[in-house]
Amino acid sequence: RNMTVLDVANVLKKDVEHVFKTLEFADKNSDTVYTRDTVIHNPQIVREIVKISGCRFKLVPRPDEVVEEKENKDAVPAPPAPPEALRPRPPVVCVMGHVDHGKTTLLDALRNTSVVDQEFGGITQHIGAFEVRLRSGETVTFLDTPGHAAFSAMRARGAGATDVVVLVVAADDGVMEQTIESVRMAREADVPILVAINKIDKPGVDIQRTLRSLAQHGVVCEALGGDVQAVQVSALKKLHLDTLVEALTLQAQLMELKADPGGYVEGVVLEAQLDPRVGKQATVLVQRGTLRKGCILVAGNGWAKVRMLQSADGRPVLEAPPSSPVSVLGWRELPAAGDTVLEVDSEKRANEVMKWRHSQSMKEKQEEDSEAISEATHRAQ
Ligand code: GTP
Ligand code: MG
């Protein structure tokens, strides 16, 4: 089947005007007057259009320019740690719930509950996560990225960074659309839910009604004979927040959350940005090993020799054990949120990994492009 100018534009996902412009070069020796419906008979011209079209095509090197890496030089996670190396680790918690049910207020209140933050005057910076440390010494890590977005990103990567979802339900509103949506997401990711019934300070709230409608959506709390913990709180008045955090540490114990604090570091990038004051900064949630200054990390298309570690409240820290979020400085290239972080032995090794990943993505791009080209020419014939 022959392709019209419009067909070519559609196949290449380009504006038709772009194809007209490109045709001036691709078919410069003919005096055909092209309209949207002009059929292009010569497949060579389609090939030319594809070649000239768009930056993606221009960026791709010719086949002979791609250096073929024969041996796989990528960094890979270490094998599972032996059971005797595992130590309990704090839970990593994501707060979800319907609009205006009090997620932000709750996170803010929790942040201020932390004894650490009180000691350091609460000089908080936004690094996408923070830890609440209890007087008992136990810790809970909260992911502080806009609920749904963070959770979807984590889920998409299958990183399983979240151990527990705190489902915030305002007692005056009860179960709403995004409450149900959050339940569905937690279920899909196989992450247990802990319910925080919020706004209990409001007059005339009906907690039983909220519990019943949660049960109708499969979240059966202990009060109704189920196994889901529910805590009644007021984020605004800071009521029962310690109970909530204790419930979370209990949940962590039930789940027997453990990690090996030794060996190579593994983690996930929560946020990455170019900070005008400190330069390339990324927040890393450590999932295995202990991150220290001087560690060499690779993550996505980025790598770092760790120059400085900072906790969420801006204190420099010497080391970050499993489940702790830290701000990492020392990136030569920034990674992206969601990238897996792996420690490697040397800068040389990091460079090798970067080169390998670069050549792999080049190869992928090239394959995509040759597919687009062959599809376009095939249709033109
Ligand atoms: P989105 O980010 O828009 O989804 O909302 P959110 O879930 O973060 O809610 P947010 O914390 O912004 O709270 C919404 C409103 O509810 C604010 O006006 C809060 O002051 C109020 N609010 C939050 N928690 C409580 C509470 O425990 N009691 C009362 N009375 N009001 C609360
Ligand atoms: Mg909010």
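Counting convention: from 1, in listed order, for ligands and their atoms alike. Quick note: residue numbers are just sequence positions, from 1.
- Residues of the protein with a heavy atom under 4.0 Å from ligand 1 are H98, V99, D100, H101, G102, K103, T104, T105, N198, K199, D201, K202, S234, A235, L236, listed by chain and number.
- Using a 3.5 Å distance cut-off with no hydrogens or angles, the side chains of D173 and H101 do pair a donor with an acceptor.
- For the 3.5 Å distance criterion, the side chains of Q287 and E266 fail to qualify, holding no donor opposite an acceptor.
- Of all non-hydrogen atoms in H240 and V233, the two that sit nearest each other are O-CG1, 3.6 Å.
- Across I296 and W303, no two heavy atoms sit closer than the pair CG2-CE3, 4.2 Å.
- Looking at E246 and Q251, their side chains never bring a donor and an acceptor atom within 3.5 Å of each other.
- With hydrogens and angles left out, the side-chain atoms of D27 and S30 include a donor and acceptor closer than 3.5 Å.
- S182 and T179 are not linked by any side-chain donor-acceptor pair at a separation below 3.5 angstrom, with hydrogens and angles left out of the test.
- Excluding water, every protein N/O/S atom under 2.8 Å from the Mg ion (ligand 2) is given here by residue and atom: T104 OG1.
- Within 6.0 Å of the OH atom in Y34, the count of heavy atoms belonging to other residues, nucleotides or ligands exceeds 12.
- Side-chain polar atoms of T139 and E131 form no donor-acceptor pair below 3.5 angstrom.
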